[in-house]
Amino acid sequence: MDAVRRNPAIDWVHVRHEETAAFAAGAEAQITGKLTACAGSCGPGNLHLINGLYDAHRSMAPVLALASQIPSGEIGLGYFQETHPDRLFQECSHYCELISSPQQMPRVLNTAVQHAIGRSGVSVVALPGDIAGQPAPKEAPETALVTARPTVRPGDEEIDRLVELIDGAGKVTLFCGSGTAGAHAEVMELAGKIKSPVGHALRGKEFIQYDNPYDVGMSGLLGYGAAYEATHECDLLILIGTDFPYNAFLPDDVKIAQIDVRPENLGRRSKLDLAVWGDARETLRCLIPRVKEKKNRKFLDRMLKKHADALEGVVKAYTRKVDKHVPIHPSTSPRCSTRPPPTTPSSPWTPGCATCGPPATSRPTGGAASSGRSRTARWPTRCRWRSAPSSPTAVGRSSPCRGTAASPC
């Protein structure tokens with residue numbers, strides 16, 4: 001463990017629970033771009049890591065997970081809390097191995113780190129407790145770690161074919177994913193030159209939507225705007241750095257070209273007319289000087305108008321006169337606490353409003369306690385949904401939701 005903690009390539013995020021640790025490590029890795037590590041104890045401890053590791057792996061976040069294992073002499077014998085992390089984490093990792101001797105640790109750890117950084121995903125090292133407690137090798141080999149990703153340039157033949165497709169299409173749409181990170185300027189330059197609307201997948205939003213005069217929104221289950229129309233009404237759709245999973249939202253009657261640095265993503269979601277294996281930024285740098293500038297921007301302007309109209313509808317639905325909507329708008333719902341009011345003065349519960357929070361507490365004293373009623377605290381003045389009840393049993397009856405003690409709102 002000391003050798004792992006001293007590794008300069010690993011960022012440690014200190015939290016108190018394994019599931020939180022895995023999600024925190026994935027978030028840290030996505031924000032910083034650096035390898036981050038998390039760890040879990042044996043049995044149910046490392047099982048808590050699995051949700052966060054799946055999320056990190058699918059988000060291509062470099063994460064190293066140390067999954068503790070039962071004593072090595074007990075593996076395979078149904079020992080207390082025995083699991084097999086070297087099998088359990090296979091589907092959410094690029095590398096998953098079990099350490100069986102201290103001599104393995106330096107090289108296995110380096111291999112795990114190289115996989116996580118080089119392939120942008122999760123590596124898991126399962127470490128039995130008795131092995132972890134032994135001294136680390138005194139002469140561990142020093143191995144240089146990868147620190148930067150290479151640039152993958154497509155061949156000239158693929159670039160020439162993509163140029164032919166773009167020059168031969170009257171209407172072109174770009175649809176971008178997280179693979180466009182660092183390529184914002186190139187995407188904008190290409191879109192401006194060929195008068196193309198630019199849509200994006202959810203994970204491409206943070207990299208492509210800002211400072212984008214060609215933005216037509218997002219497609220998919222969380223889609224909005226005119227991205228769907230732009231991808232279906234074009235002559236050529238270019239997918240850039242996206243493994244967009246909702247193939248039902250992709251067209252099947254237009255030409256499609258896809259640019260991706262991961263060859264396994266090419267053609268996985270739709271039938272392609274051209275697959276271009278390369279880094280998004282470098283591919284666009286090679287492409288932009290070769291394509292002819294388009295003069296007609298009718299398609300682009302029409303999609304931008306559709307997008308503006310769609311956004312106007314969203315703005316109206318969520319921000320204008322929401323207190324007058326029928327049925328009532330969720331963000332201004334006058335719901336109060338769903339717990340029933342107290343029946344005895346000793347109950348610690350105090351009526352509260354979900355919108356405004358609980359009122360100031362008060363304790364039953366004097367005549368209020370002797371009469372079986374608690375002194376009612378006044379509602380905050382900012383709460384316009386209900387007035388102060390005259391007694392605990394009246395909670396809800398004077399509010400707009402018309403709840404009762406037996407069926408509160």
Side-chain angles (χ1 to χ4, degrees), residues 3-13 21-39 49-50 52-67 85-99 104-127 140-155 177-183 203-204 206-207 240-243 258-268 275-285:
V4 176
R5 291 193 181 99
R6 290 196 304 266
N7 195 313
I10 304 173
D11 272 350
W12 287 93
V13 180
F23 279 111
E28 178 84 0
Q30 290 183 68
I31 292 171
T32 65
K34 298 180 180 179
L35 179 70
T36 309
C38 58
L49 297 172
I50 199 162
L53 294 185
Y54 260 103
D55 179 75
H57 195 58
R58 295 294 174 87
S59 299
M60 295 180 289
V63 172
L64 171 67
L66 296 179
D86 51 316
R87 304 177 196 171
L88 291 169
F89 296 106
Q90 287 285 350
E91 288 192 10
C92 61
S93 65
H94 290 305
Y95 182 85
C96 186
E97 292 295 339
L98 173 71
I99 298 292
Q104 273 183 280
M105 188 59 179
R107 288 194 297 165
V108 168
L109 177 63
N110 281 332
T111 302
V113 169
Q114 301 282 37
H115 274 78
I117 298 176
R119 300 185 64 182
S120 297
V122 172
S123 286
V124 180
V125 175
L127 188 62
E142 293 290 337
T143 303
L145 297 173
V146 293
T147 56
R149 299 187 63 83
T151 297
V152 180
R153 181 193 184 279
S178 61
T180 57
R203 293 197 63 242
E206 62 182 296
F207 304 111
I240 308 177
T242 178
D243 189 28
Q258 184 175 1
I259 302 170
D260 207 293
V261 72
R262 294 190 169 198
E264 66 270 21
N265 292 347
L266 296 171
R268 180 152 68 174
V276 181
W277 181 10
D279 175 79
R281 184 179 181 183
E282 186 64 23
T283 301
L284 296 183
R285 284 181 172 179

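Not measured: the values here are computed from a predicted model.
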*Asks:* Is it the case that over 12 heavy atoms from other parts of the model lie below 6.0 angstrom from the CZ atom of Arg58?
*Replies:* no
*Asks:* Any idea which heavy atoms bring Ala61 and Ala29 closest together, and the distance?
*Replies:* CB-CB, 3.9 Å
*Asks:* Counting only pairs under 3.5 Å, give me each side-chain donor-acceptor contact of residues 116-125, with atom names and distances, residues two or more places apart or in other chains.
*Replies:*
from, atom 1, to, atom 2, distance (Å)
Ser120, OG, Arg149, NH1, 3.0
Ser123, OG, Ala112, O, 2.7
Ser123, OG, Ala116, N, 3.4

*Asks:* Identify, with sequence neighbours excluded, every residue that meets salt bridge (Lys or Arg N to Asp or Glu O under 4.0 Å) alongside Arg262.
*Replies:* none
*Asks:* Given side chain to side chain contact (heavy atoms under 4.5 Å, CB included), test Ile259 with Leu284 step by step and report yes or no.
*Replies:* CA-CA 9 Å; Ile259 302 170; Leu284 296 183; 4.3 Å; yes
*Asks:* What residues, two or more places apart in sequence or in another chain, satisfy side-chain hydrogen bond (donor to acceptor under 3.5 Å, both in side chains) together with Gln104?
*Replies:* Ser100
*Asks:* Can you name the nearest heavy-atom pair linking Val261 to Trp277, along with the distance?
*Replies:* O-NE1, 3.0 Å
*Asks:* Checking Ala275 now: which residues fulfil side chain to side chain contact (heavy atoms under 4.5 Å, CB included) with it, not counting sequence neighbours?
*Replies:* Leu266, Leu272
*Asks:* Quick one: list whatever passes side-chain hydrogen bond (donor to acceptor under 3.5 Å, both in side chains) with Asp243, sequence neighbours left out.
*Replies:* Arg268, Arg269
*Asks:* Please name the pair of heavy atoms, one in Pro154 and one in Gly278, separated by the smallest distance, quoted to 0.1 Å.
*Replies:* CG-CA, 4.1 Å
*Asks:* Looking at Ala22 and Cys38, what are the two nearest heavy atoms and their distance?
*Replies:* CA-SG, 4.0 Å
*Asks:* Could you pull out all residues at least two apart from Glu91 that satisfy side-chain hydrogen bond (donor to acceptor under 3.5 Å, both in side chains)?
*Replies:* Tyr54
*Asks:* For Arg203 and Ser59, which heavy atoms make the closest approach, and how far apart are they?
*Replies:* NH2-O, 3.0 Å
*Asks:* Does the pair Leu64 and Leu109 meet the rule for a side chain to side chain contact (heavy atoms under 4.5 Å, CB included), with working shown?
*Replies:* CA-CA 9 Å; Leu64 171 67; Leu109 177 63; 3.5 Å; yes
*Asks:* If I take atom CE from residue Met105 and atom CG from residue Asn110, how far apart are they, to the nearest 0.5 angstrom?
*Replies:* 9.5 Å
*Asks:* Using the side-chain hydrogen bond (donor to acceptor under 3.5 Å, both in side chains) criterion, which residues pair with Arg87? Sequence neighbours excluded.
*Replies:* none
*Asks:* Indicate the atoms forming the closest heavy-atom contact of Phe89 with Ser93, along with that distance.
*Replies:* O-OG, 2.7 Å
*Asks:* Please list, chain by chain and in numerical order, all residues satisfying ring pair (Phe, Tyr, Trp, His ring centres under 6.0 Å) with Phe23, sequence neighbours excluded.
*Replies:* none
*Asks:* For the side chain of His57 and the backbone of Leu53, is there at least one donor-acceptor N/O pair under 3.5 Å apart?
*Replies:* no
*Asks:* Who are the side chain to side chain contact (heavy atoms under 4.5 Å, CB included) partners of Phe207, not counting sequence neighbours?
*Replies:* Ser178, Thr180, Ala181
*Asks:* With sequence neighbours excluded, what pairs up with Leu98 under the side chain to side chain contact (heavy atoms under 4.5 Å, CB included) test?
*Replies:* Gln69, Ile75, Asp86, Ala126, Pro128
*Asks:* Going by the rule side chain to side chain contact (heavy atoms under 4.5 Å, CB included), which residues pair with Arg281 if we only count those two or more places apart in sequence or in a different chain?
*Replies:* Ala183, Glu186, Asp279, Arg285
*Asks:* Between OG1 of Thr242 and CG of Asp260, what distance do you get to the nearest 0.5 Å?
*Replies:* 8.0 Å
